[in-house]
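Read through the structure below, which is laid out as structure tokens, and then see the notes.
Just so it is clear, the values below take in all heavy atoms, side chains as well, and ignore hydrogens, waters and symmetry mates. Quick caveat, the model's predicted, so the values are computed rather than measured. Letters A, B, ... mirror the listed sequences (proteins, then strands); counts begin at 1.
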Amino acid sequence: MNILTLFVVIPVLTVIAILFSKDMKQTRLISAIGMGIQLILAGILVYSYLGMRKAGITDEFLFYFDALWFKTLNIHYTIGVDGISVAMIALTSIVVFAGVFASWTVETLHKEFFISLIVLASGVFGFFISLDLFTMFLFYEIAVIPMYLLIGIWGSGPKEYSAMKLTLMLMAGSALLFVAILGIYFYSAPAGGQLTFNLLEIAKNKIPIEMQRFLFPFAFIGFGILGALFPFHTWSPDGHASAPTAVSMLHAGVLMKLGGYGAFRVALYLLPEAAHEQAWIFLILTGISVVYGAFGAIAQKDLKYINAYSSVSHCGLVLFALLMLNQAAMNGAIIQMISHGLMTALFFALIGMIYGRTHTRIVSEMGGLMKIMPFLGVCWVIAGMASLGLPGLSGFVAEMTIFIGSFQHTDTFHRFMTILATTSIVVTAVYILRVVGALLLGPVKNDHFLELEDAKWYERLSTVTLILSIAAIGIAPLWLSDMIGFSLAPMVDKINSVTASIAGIF
Amino acid sequence: MVFNDFLTMRHELILVCMILLVLIIDLCVSKANKTVMIPVAISLFLIHTIIGFLPAQSGVLFGGAYHSEPLTVLMKNILNIGVVIVLLQSAAWLQKEENREKISEFFMIMWATLTGMYFMISSGDFLMLYLGLELATIPMATLAAYVHHQTKSAEAGVKFILSSALSSGILLFGLSMIYGTCGSMYFDTIQTAYGNAPLQVLAFLFFFSGMAFKISLVPFHLWTADVYEGAPVNVTSYFSVISKGASAFILIIVLYTVFHSIAYLWKDVLYIISIITMVVGNLFALRQQNLKRFLAFSSIAQAGFLLLGLLGANEVGMTATIYFVLVYIFSNLGAFGVVSAIHAKTGKENISDYNGLYKTNPLLSLLMMLSMFSLAGIPPVAGFFGKFFLFTSAASAGYYWLVFIAVLNATISLYYYLMVVKAMFINKNDNPIPYFKSDAYTRVGLICAALGIFVIGFWSQIYEIITSLAFGVIK
């Protein structure tokens, strides 16, 4: 069996195993084992992928596998990975693994919780390995729908409202996406040719420009909703704040990346002319996401809301950088996806752990936690530093690459947008440092907090996994950057080659 | 006419024989043992269904008024599978004290309507189509009024017969104009002679309105909710699944063959009607508290989606439509199966009664959730594939905006489908429906529905079989 198919099969097997578990301890053990295997598998995948590249294999997609599914509509189960998807798969397996340990103590309906979580993960894995638009869309929806139950049942606060809002907004996004996919399908071959959903085949064909103009907004906004594109980001703060810890981790860490990844793979790659023409509109919107998200985070009092708005800002930056349409910025965008995925997962994990102890998420009610729980405190500081882009951690690499790439554009509009987006770095520093100060330093405001314990072993495992990954990218970014860059180069060439004549209106 | 020719209408003949057999066996059963009729009737129908799958001969009878070909056989088989599940799910309700007297009647009447649908599907002549339609409709009113001592049920029967009479009248008026302009009732003659003379256009509109009553398209849907609510649950599920499926089958055949010359016109009509139907169905479904009414409006919205398949006007369109009906049969029967199981035990049928159901009856809740997801078009269950192909069909004809409106409507529909899921899984309830064990029939019926929901989507072979028989609008 193809190693990539295993990424979907193992979650399914894990789910079946969970059905037979007797109590909560068994359930979580099975989940941990299943996702542990998944993590090891991701390691093997990265290793063998790099090995194959080193051996000089230059195919665009490795581990390619193709099986016919629906013959008349030419729907295939086509899978394959390039450097970008390998990186995303690695990210997903790390976050899911950490997520299982972060939800170690879920007691109510534990079976159902872990099943939904793992079904969600299998959808995400499936999405990243798919090269066929049909299966891609199928897995996308599989990833979205368990969210409703996860937030609705195990969430906190106005959970039913948030769950419904999130599901409906994401499904509306998939409605847009659906039109785009069908449009692309019916123009995927020259008149009379065999229509196809296969990304690689479609990319060889030039879709008529009128059709691209029509389809691009559908595709980009469709994925953009998941990537928190302003003004369609409103599901994100409510959804993240109400979701249980592991779900926030997975959702902000991985699911929002589906938006960026899909916008790149489908909207920009398959509809390049329209992308060049319309990029400016979406640059403005994503620019707003970046700055507005950062300011929004300052104004929040609840830890989860702070982090959710910060996610809007950071994920906005991903889309922003993608729309710059050059190699350096797009490379940065992919690294930013990985980096943000890891650090936001770390943040949400820490918030969950702190909330589990203090039973409040309001910043002003806490203080001096560093003395009480030094381990969690230090982790928080590390996550914060990564978030505001301290050199040596992943955030720096990503943002640096993005802004250098964006500034390579010589026209006023792109430079202005870049400068505008850079301001978010300062604002990020403000809200991160303010929270560190109010949360970890200063006097302890509540005497009950003095009796709280520091992190348990499973919590340590969860956070350490994430911190190690963040540091690894920060200290040695080149291997990741090379891996992504190698696969990105031909795609960027393709996006830019056909469009020398269209410069946009600026 | 020789004996061999009769075998062409094997489906109809065997079903009529089964009806007579039930009648005869019923005479031999003592009054105390009437429940014996349930296994007998179900196994008789099962035999009929299995025979239906044996290779059938194609041919034309009665000078072209009746024709049988692989496509019509397939449609009848799809209906048969649906009816088997409906019968299995009805068993628990039929065993109740007040229904024991008339168990056999239930089967006979239901099968009589099914025979009518067979004739509709196989008709090659408007007269045969009309006969089939009436045969399918009039006994149906008796089914709706089956629990005649309940006012609601009796009312449903009367409402149904009145609105059907009206729709039949409209349809007949259309048919008379068709005859007046073409001088024939045969499909073959009409399809070559049909043009776009004003009277012919008007004739088409009357015919379409009559059919729209049957499929309950807006604005001809007003009878649906009341009849669905008043009729017994199992009859409702028969209405919403089998009767609607059969009407959709016959509509697509007639549109693609007889009215092919005015395709540009009926496409416009379908375009507008589908939008109105989806929107109105969805908006009304949002506010329903009674599950039967809820499913009634949801089925109206689904009929709106169905029209998107017809709009494709090619093989993809016909395949998608038939495939969607198949998927819809299983998804809706999954939902109705749960509703009927719970109704038979507790008599409850409001959404709020389902609060906290997952704690007490997890399997039923899971099946209900899957059916809701399937109706909403969420993967990995079959509904996703059904909707995807329907919309693909509309997009193949270039109706991208319509597809967009439809998918948005699917999102709206997700809201109310999720409300049922929310009731079962999230809402708290101090006094939920207690745990109960359904009888064997119900369980088999539910398992069949669940299997269908899971398997049909992934099993691409089914889609290929339908494709191999489908055809587009004839040129």
Side-chain angles (χ1 to χ4, degrees), chain A residues 12 67-73 75 77 109 111-112 116 119 122-123 126 134-135 137-146 148-149 151-155 159-160 163-165 167-187 195 197 211 214-215 218 222, chain B residues 315-316 319-320 323 358-359 362 365-366 369 373 376-381 384-385 387-389 391-419 421-422 424-427 457-464 466-468 470:
Chain A
V12 173
L68 187 61
W69 193 3
F70 287 89
K71 194 163 126 252
T72 15
L73 293 175
I75 292 172
Y77 171 71
L109 298 174
K111 270 190 193 181
E112 289 78 359
S116 313
V119 166
S122 74
F134 179 84
T135 39
F137 187 67
L138 177 97
F139 282 121
Y140 171 91
E141 297 222 328
I142 291 182
V144 169
I145 203 70
Y148 178 74
L149 291 176
I151 299 178
I153 301 178
W154 295 276
K159 54 185 185 179
E160 286 155 22
M164 192 59 95
K165 184 172 177 182
T167 316
L168 290 185
M169 282 192 76
L170 295 188
M171 280 296 162
S174 81
L176 291 162
L177 202 56
F178 190 82
V179 177
I181 287 177
L182 286 182
I184 291 172
Y185 171 68
F186 283 108
Y187 287 89
L195 300 175
F197 280 104
M211 211 53 208
F214 173 72
L215 294 176
F218 282 94
Chain B
E315 293 91 354
V316 180
T319 316
Y323 185 79
Y358 183 67
K359 288 242 166 65
S365 314
L366 278 177
M369 182 177 80
F373 282 174
I378 301 291
V381 281
F384 170 78
F385 296 87
K387 283 233 169 85
F388 194 99
F389 298 143
F391 297 163
T392 307
S393 146
S396 73
Y399 295 111
Y400 291 106
W401 283 109
L402 181 65
V403 171
F404 180 55
I405 295 170
V407 197
L408 272 190
N409 267 294
T411 310
I412 297 171
S413 73
L414 181 62
Y415 172 78
Y416 56 76
Y417 290 129
L418 280 181
M419 291 311 271
V421 176
K422 176 171 166 270
M424 296 184 303
F425 285 82
I426 300 175
N427 288 359
F458 285 101
W459 197 4
S460 60
Q461 206 56 38
I462 296 176
Y463 185 84
E464 302 304 338
I466 301 175
T467 306
S468 65

So what's closer than 4.5 Å to chain B heavy atoms on [X]: side chain, backbone, both or neither?
X: A:F70; result: both
X: A:Y140; result: neither
X: A:L195; result: neither
X: A:L215; result: neither
X: A:L109; result: side chain
X: A:F218; result: side chain
X: A:M211; result: side chain
X: A:Y187; result: side chain
X: A:L182; result: both

Checked A:V144, A:I181, A:V119, A:L176 vs chain B; the most non-hydrogen pairs under 4.5 Å come from A:L176

The interface call for B:F404 against chain A, heavy-atom contacts under 4.5 Å, is both

Do other residues, nucleotides or ligands put more than 12 heavy atoms under 6.0 Å from B:Y415 OH?
no

So with a 6.0 Å cut-off around NZ of A:K165, is the heavy-atom count from everything else above 12?
yes

Trace of the side chain to side chain contact (heavy atoms under 4.5 Å, CB included) decision for A:W69 with B:F458: CA-CA 9 Å; A:W69 193 3; B:F458 285 101; 3.5 Å; yes

Distance in Å, [X] [atom1] paired with [Y] [atom2], rounded so as to fall on 0.5 Å steps:
X: B:Y358; Y: A:I153; atom1: OH; atom2: CD1; answer: 7.5 Å
X: B:F373; Y: A:E141; atom1: CZ; atom2: CD; answer: 11.0 Å
X: B:F385; Y: A:I75; atom1: CZ; atom2: CD1; answer: 8.5 Å
X: A:M171; Y: B:I378; atom1: CE; atom2: CD1; answer: 3.5 Å
X: B:Y463; Y: A:T72; atom1: OH; atom2: OG1; answer: 5.0 Å

For the rings on A:W154 and B:F425, is their centre-to-centre separation under 6.0 Å?
-> no

From CA spacing to verdict: side chain to side chain contact (heavy atoms under 4.5 Å, CB included), B:T467, A:K71
CA-CA 10 Å; B:T467 306; A:K71 194 163 126 252; over 6 Å; no

ask   = Parallel, tilted or perpendicular for A:F134 and B:F384, by the 30°/60° rule?
value = tilted

Given side chain to side chain contact (heavy atoms under 4.5 Å, CB included), test B:F391 with A:V179 step by step and report yes or no. CA-CA 9 Å; B:F391 297 163; A:V179 177; over 6 Å; no

When every non-hydrogen atom of B:T411 is compared with those of A:A172, the smallest separation belongs to CG2-N, 3.7 Å

Item to check | B:I426 and A:Y148: CA distance, side-chain angles, deciding distance, side chain to side chain contact (heavy atoms under 4.5 Å, CB included) verdict | outcome: CA-CA 10 Å; B:I426 300 175; A:Y148 178 74; 4.2 Å; yes

